[in-house]
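Within every chain, numbering begins at 1; the chains are lettered A, B, ... in the order of the sequence lines, protein sequences first and strands thereafter.
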Amino acid sequence: MSFKIYNSLSRKKEEFKPLHEGFIGIYVCGPTVYSDVHLGNVRTFISFDLITRYMRHLGYKVRYVRNITDVGHLEGDADTGAEDKIGKKARLEQLEPMEIVERYTLGFHDVMRMFNVLPPNIEPRATGHLIEQIETVKEILKRGYAYEVNGSVYFDTLKYAEETGKYGELSGRKIEELIALSREDLKNQDEKRHPSDFAIWIKADPSHLMRWPSPWSVGFPGWHLECSVMSTKYLGETFDIHGGGSDLKFPHHENEIAQNYGACGHAPARYWMHTNMLLMNGRKMSKSDGNTITPLELISGNSPHISKGYHPMVIRFFMLQSHYRSTLDLSDEALQAAEKGFKRLMEARRHLLDMKHPGRGEKGELDSEINRLLDQVYEEMSDDFNAPKALARLFELVNRINALKGGQASFEQLTPETFQRLQQTFPAFISDVLGLEDPTDKGGSGQAELLHKLIELLIELRQKARQEKNWAMSDFIRDALKNMGVTLKDSKDGTEWVLE
RNA sequence: GGUCGGGUGGCCGAGCGGUUAGGCAGAGGUCUGCAAAACCUCGUACGGCGGUUCGAAUCCGCUCCCGACCUCCA
């Protein structure tokens, strides 16, 4: 099955055509590991997790590369004279830069695991590719798209712009505007020929903790360089998709394209995908101005912005309810609504898995509805990964599943084949594509099994009490369990329980 | 100031020329010892003002708000 992608470069939805039939190469800009990941990161990586999961689900062999930035990302607004983020943190905490990198990389992986984000196939680090980066700088110099000044090397944006007319193509900027609006107070601006030029190798002053020898100086690579170099190394000079947060369009991705042109004469990726921002209180979540909540705070509830903690799967579900290209405004109220919706979805999934088709059924209206809805789930996802629409169809299926379970709908209207399709596709889509796992599915540990049996025993005792019309005892058991977080639900074929 | 993207029913959030989005909350009903759950029914919403059209939330113009990027952030 084919699918469509909104290409940020053309600003249009395009039919996706892979470079090599059946294979997809995708590169996504990963985090700079100088502090805990924030939720905005999580949303971006959940979005790309959804996208790569779906591509795999459709049968593509995907190579997903997502880097770790562990050098070269500077604070402040200059290419030089500013401090490296990781270097700064290391200085403040009196640790080795690599201790900082290690700590936050591990923390990042923990958070990704909690949200059931699958690891990329390759997760390269900038510091692991110094040799390749230096080689690329040499190549760009050799081809004449960069120049050296006092041990630093700058990319010649003007030359690139004049030659291709493409500088600013991705972000919708014009180089004349970039000239006019560049800030006056850039340090070392006199080293640059043009204000929009950017450093690809930066000479380090002696206080700089992270520096490496190079033909030009003891220094470090410019931030944008690593992505050009590592994407080329692992995916080739041209690959299918490049992704990242929309705030990376400029200057990061624009400069990346320029560098690739400088190094090999053409742009790296054919499709560019950008995820939109996560907002809180109507404003972008930002590390720098405090309008933020960390993933762990959101899970624990330890934040003034929320009334309680939310399960990571609830948060993931909440994020999937909006399209990746739309902004999403986080609020406590919206999360509570998501929590209930998520439970409803997962409960239906459990019920469906427990159901059996009696064996006889006709192609009734229900049959065609279910087939139609299942088809639509895929159509929606294939239209630029429209998870919210796919979820809407899934919820219509929830309705049908519950009706079958509750007896309001009959299996007689449903062929065994269609039921089988539903029973396979519905749960598979939820877990494989949406990456939503049932928190009540605790596997088969001995403890969990004991718990199950004890609850079943209490339900049996309550059943006896009910038969004897001993409502006091019956309600006592129900209320006591409720207080422990176990909700009982009576239906005509017995009592079920859910662990909250 | 420049560039881009938004303003959708109580809340979140799809849709982007004609069809019910969906979730949560709310109202009524069925079922039930009661409750919960489930099922059925119920909302005619698209910032404002004009215009195009047989028909606009969806296209065009003006206008008012909001946000992002332009400077480190996904």
Please list, chain by chain and in numerical order, all residues satisfying ring pair (Phe, Tyr, Trp, His ring centres under 6.0 Å) with A/Tyr104, sequence neighbours excluded.
none
For RNA chain B, which residues in residues 6-14 of chain A have a heavy atom at a distance below 4.0 Å?
none
Protein-nucleic acid N or O pairs under 3.5 Å, nucleotides 56-59 of chain B:
none

Please report, rounded to the nearest Å, how far the C1' atom of B/rG2 is from the CZ atom of A/Phe250.
12 Å
Encoded 5' to 3' (Watson-Crick or G-U under 3.5 Å; [ ] crossing; | other strand), RNA chain B becomes ((((((((.[[[..)..(...]]].(((((.......)))))....[[[[[..)....]]]]])))))))....
Examine B/rC69: is either OP1 or OP2 under 4.0 Å from a nitrogen or oxygen in the side chain of A/Ser246? Give yes or no.
no
Please state whether the phosphate of B/rG5, meaning OP1 or OP2, lies under 4.0 angstrom from any side-chain nitrogen or oxygen of A/Asn276.
no
May I ask you to say what A/Leu328 touches in the nucleic acid, namely base, sugar-phosphate or nothing, with a heavy-atom cut-off under 4.0 Å?
sugar-phosphate
Protein-nucleotides 19-21 of chain B N/O pairs under 3.5 Å:
residue: B/rA21; atom: O2'; partner: A/Arg393; partner atom: NH1; Å: 3.4
residue: B/rA21; atom: O2'; partner: A/Arg393; partner atom: NH2; Å: 3.0

Would you say B/rG33 has OP1 or OP2 under 4.0 Å from some side-chain N or O of A/Asn470?
no
Examine B/rA38: is either OP1 or OP2 under 4.0 Å from a nitrogen or oxygen in the side chain of A/Asn402? Give yes or no.
no
Between A/Phe318 and A/Phe342, does the ring centroid distance fall short of 6.0 Å?
no
Grab the CG-P distance between A/Leu170 and B/rU3 for me, whole Å please.
17 Å
Any side-chain donor-acceptor pair under 3.5 Å between A/Asp329 and A/Thr327?
no
Closest nucleotide of RNA chain B for A/Val398 versus for A/Phe317: which of these residues is on the 5' side?
A/Phe317
A/Phe385 and A/Phe3 aromatic ring geometry - parallel, tilted or perpendicular at 30°/60° bounds:
tilted
Please determine if a side-chain N or O atom of A/Asn386 lies less than 4.0 Å away from the OP1 or OP2 oxygen of B/rG15.
yes
A/Gly40 near the nucleic acid: base, sugar-phosphate alone, or nothing, with a heavy-atom cut-off under 4.0 Å?
base
Between the protein and nucleotides 24-30 of chain B, which nitrogen or oxygen pairs come in under 3.5 angstrom?
residue: B/rA25; atom: OP1; partner: A/Lys340; partner atom: NZ; Å: 3.0

Would you verify whether the NZ or CZ of A/Arg66 falls within 45 degrees of the ring axis of A/Phe48 while also being under 6.0 Å from that six-membered ring's centre?
no
Within the 4.0 Å heavy-atom criterion, would you say A/Asp475 contacts the bases, only the backbone, or no part of the nucleic acid?
base
